[in-house]
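What follows is a set of notes on a single structure, which appears directly below.
So that the names make sense, note that chain A is the first sequence line, chain B the second, and so on, each numbered from 1. Only this structure's heavy atoms are used, side chains among them; waters, hydrogens and symmetry mates stay out. None of these values were measured; they are calculated from a predicted model.
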Amino acid sequence: AQKVTQAQTEISVVEKEDVTLDCVYETRDTTYYLFWYKQPPSGELVFLIRRNSFDEQNEISGRYSWNFQKSTSSFNFTITASQVVDSAVYFCALSEAPLIKAAGNKLTFGGGTRVLVKP
Amino acid sequence: DGGITQSPKYLFRKEGQNVTLSCEQNLNHDAMYWYRQDPGQGLRLIYYSHIVNDFQKGDIAEGYSVSREKKESFPLTVTSAQKNPTAFYLCASVGRGGVDSNQPQHFGDGTRLSIL
């Protein structure tokens, strides 16, 4: 069975500080996908990034960066120079590759990390 | 604009009552999903459907039912058998991505259900 653990339930920082969110996953599959979603106070989930298990390159998108390390089963997320608008709950999720194309991608979510950025 | 519409935004259920949450998408997506989110917790999968007239149970299907009569619509009924229905419910959809079918799911704004 697959599992995603986000050990940090809440992180509080002052604006412009960097913040790193940890995500550790478990899966028996060799092919899988990892996702990060942001949930602002309004409630909807906003997709941030998808990474497949064969691509261990780190990625940077603006103030966001992701560090995927297969050896430690981790997919950590860093917000650089945080802003008040970054305040949200962030979810890490795992999807195993479906056996058939039509099977879609059931997601297993971590418990989420609430980030509070104070001005 | 294309997207996923969930209604109502807030819903109250009386004891012994069934209630239905609506989820409509105009993204032409094949697959649709229902998740439940409890305070301070992650999302858990209730039901999913990859094609019209077919759906599968997720991890916490007991006390819920769904239908998929149209590609655009995937309503969720919370039955009286669900003893603890108070939660935030999120609907999602995803289209086929060809060889790479693990496309990111698109989410609606959610429905918050409470017991009266």
(request) Could you check which of A:G112, A:G43, A:S42 has the highest count of heavy-atom pairs closer than 4.5 Å to chain B? (result) A:G43
(request) Would you mind checking which part of B:Q6 comes under 4.5 Å of any heavy atom in chain A, side chain (CB onward), backbone (N, CA, C, O), both or neither? (result) neither
(request) Go through the atoms of A:I49 and report whether side chain, backbone, both or neither lie under 4.5 Å from a heavy atom of chain B. (result) neither
(message) Classify the ring geometry of A:F68 against A:F75: parallel below 30°, tilted from 30° to 60°, perpendicular beyond 60°.
(response) perpendicular
(request) Measure from the ring center of A:Y25 to the ring center of A:Y32 and say whether it is less than 6.0 Å. (result) yes
(message) Using heavy-atom distances under 4.5 Å, tell me whether A:Q6 contacts chain B through its side chain, its backbone, both, or neither.
(response) neither
(request) Please find out if less than 6.0 Å separates the ring center of B:Y35 from that of A:F109. (result) yes
(request) Quick one: sort the A:Y37 and A:F35 rings into parallel, tilted or perpendicular, breaks at 30° and 60°. (result) parallel
(message) Does any backbone or side-chain atom of B:D30 lie under 4.5 Å from a heavy atom of chain A? Answer side chain, backbone, both or neither.
(response) neither
(message) Which label fits A:W36 and A:F77: parallel for a plane angle under 30°, tilted from 30 to 60°, or perpendicular past 60°?
(response) tilted
(message) Given heavy-atom pairs under 4.5 angstrom as the criterion, report whether the side chain, backbone, both or neither of B:L43 touches chain A.
(response) both
